[in-house]
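Have a look at the structure below, then the notes.
Note that these values count all heavy atoms, side chains included, but never hydrogens, waters or copies made by symmetry. Counting starts at 1 for both ligands and their atoms, following the listed order.
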Amino acid sequence: MKIIRTPEEMHSFSKSEREAGKRISLVPTMGALHEGHLSLVDKAKSLSDVCVVSIFVNPTQFGPNEDYASYPRTFDDDVKKCEERGVDAIFAPSPESIYLPDASTKIVESSISSNLCGKSRPKHFAGVTTIVGILFNIVRPHLAVFGEKDAQQAAIIKRMVRDLFFDVEIETGEIVREPSGLALSSRNKYMDKLEREGAARIHSALLAGKRLAEEENCDNVDRIKTRVINEVSNAKTRVIYVEVVDSETSLPVQRLERGKARISIAVWYGNTRLIDNIRI
Ligand code: PAF
């Protein structure tokens, strides 16, 4: 497995693989890899000849009071996991090699990004679309795989690819959960065992909303949201949002269409910001 540190080296690796007729996949990550990321690697590998994982904690997607400095960085462990999973190359550039000192161009998606997480993290998605656009141009993958835990992010990337005619197929991979139901996330590292057990109520609350919609035939979006909020709330949780959204676009819906919707949630659990979602 190759570890590539510069855009130039990455570009020439991809160029020679493309010239050899190979199909390249990219799994963009910020490292601190867990089984959720590795399941995306499995999917990427099954759809391509050469699998690249990028590991880059992207400064521009963190707000001024967010956790950029403390975000878990576990590079050696990530390398081992990628090697065991059969990744062909890791692209792990420095921020300086990605963002030129006088860089003045951004990619901004302005519809989906203004909802859900975009309300409490106003510049976050512009940071995400910009870095993903940069990664697509450097790695030049035929396809890229994103996790469904970040369903809004995946919807925004699909919209960006469509609107800007990027020549990349976008695939998504299912949420991987701990046995308790807690969705795997690099930020789970901020919680101790007891807190992680407690945070499993986020998934139980989503299941309660799903049951109301599916078993009790409720199509009233406000009632579903209220059920989820009531189930998730306790002394440790502060709800940021609960929304019923279109499962493809992540845009909030007023009336439920079963098979085409998702309940999306973001909460503070103690000092940890967690997101999750479930299909209805
Ligand atoms: O989902 C993530 O880990 C990040 O937002 C991504 C897509 C790697 C961009 O930095």
**Request:** Could you tell me if the ring centre of F56 sits under 6.0 Å from that of F91?
**Result:** no

**Message:** Under the side chain to side chain donor-acceptor pair (under 3.5 Å) definition, can you give me all pairs with a residue in residues 48-58, not counting sequence neighbours?
**Reply:** S25-S48, N58-T60, N58-Q61, N58-Y99

**With S233 via side-chain contact (heavy atoms from CB on, under 4.5 Å) - residues at least two apart** =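 For S233 the side-chain contact (heavy atoms from CB on, under 4.5 Å) partners, ignoring immediate neighbours, are I229, V239.
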
**Prompt:** Under the salt bridge (charged side-chain N to carboxylate O under 4.0 Å, His left out) rule, what pairs show up with a residue in residues 140-156, not counting sequence neighbours?
**Reply:**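 As it turns out, the salt bridge (charged side-chain N to carboxylate O under 4.0 Å, His left out) pairs with a partner in residues 140-156, which skip direct neighbours, are E148-R262, E148-R279.
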
**Request:** Give, for atom CZ of R223 and atom SG of C218, the distance between the pair rounded to the nearest 0.5 Å.
**Result:**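 With rounding to 0.5 Å, CZ (R223) is 4.0 Å from SG (C218).
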
Pick out the protein N or O atoms lying less than 3.5 Å from any N or O of ligand 1, and list each pair with its distance.
{"from": "ligand 1", "atom 1": "1 (O)", "to": "Q153", "atom 2": "NE2", "distance (Å)": "2.9"}
{"from": "ligand 1", "atom 1": "5 (O)", "to": "Q61", "atom 2": "NE2", "distance (Å)": "3.0"}
{"from": "ligand 1", "atom 1": "5 (O)", "to": "Q153", "atom 2": "OE1", "distance (Å)": "2.7"}
{"from": "ligand 1", "atom 1": "10 (O)", "to": "Q61", "atom 2": "OE1", "distance (Å)": "2.6"}

**R238, CZ: over 12 other non-hydrogen atoms inside 6.0 angstrom** = no

